[in-house]
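Let me begin by presenting the structure, written as structure tokens, before commenting on it.
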Amino acid sequence: MLIIKCPWCGERTQTEFSYHGEAHIVRPQAPDELSDEQWADYLFFRKNPKGIHYERWLHAAGCRRFFNMARHTVSGEIYATYRFDEQKPIIE
């Protein structure tokens, strides 16, 4: 079981959290000007790396706030959790 550190509540077990996909997805400036293929790419295609991945999580059974996490997809190791107003950590 993972121990996840909520930026507001501190460390809790993973059962209190829910995963909400890739973090740092930027919505297109003018979606009406995109082709169907470009819009589908934005909506459906996400990275699926083997290694460090930046993810969005929700503390569903706690403060109900969203936050970001840098996590290794193979080992499950959590490198950082951070609020949306904090800078994305660079992890190598």
Say you draw a straight line from OG1 of T81 to CD of E55; how long is it, rounded to the nearest 0.5 Å? 12.0 Å
Cluster link I3 to F67, ILVMFWY, side chain under 4.5 Å: no
Checking T73 side chain against G51 main chain: does a donor-acceptor pair fall under 3.5 Å? yes
Side chains of T15 and M1, heavy atoms from C-beta outward: is any pair under 4.5 Å? yes
Rounding to 0.5 Å, atoms CZ (R83) and SG (C6) come to a distance of 10.0 Å
Side chain to side chain donor-acceptor pair (under 3.5 Å) contacts in which one or both residues fall within residues 38-54, not counting sequence neighbours: S35-Q38
Would you compute the distance between atom NZ of K88 and atom CD of E86 and round it to the nearest 0.5 angstrom? 14.5 Å
ILVMFWY network linking Y19 to M69, side-chain heavy atoms under 4.5 angstrom: yes
Under a single-linkage definition using a 4.5 Å side-chain heavy-atom cutoff for Ile, Leu, Val, Met, Phe, Trp and Tyr, are I4 and W8 assigned to the same hydrophobic cluster? yes
Joint cluster assignment, F44 & I25, ILVMFWY side-chain distance < 4.5 Å: yes
Kindly compute the distance separating CD1 (I91) from NE2 (H72), expressed to the nearest 0.5 Å. 10.5 Å
Other hydrophobic cluster members with L58, side-chain heavy atoms of Ile/Leu/Val/Met/Phe/Trp/Tyr under 4.5 Å, chained? F66, F84
Give the ring-plane orientation class for H59 versus F17, where under 30° counts as parallel, over 60° as perpendicular and anything between as tilted. parallel
Under 4.5 Å between any side-chain heavy atoms of P89 and Y82, yes or no? yes
Minimal non-hydrogen separation, N68 against A23, with atom names: OD1-CB, 3.4 Å
With rounding to the nearest 0.5 angstrom, report the CD to CG distance, E11 to L2. 12.0 Å
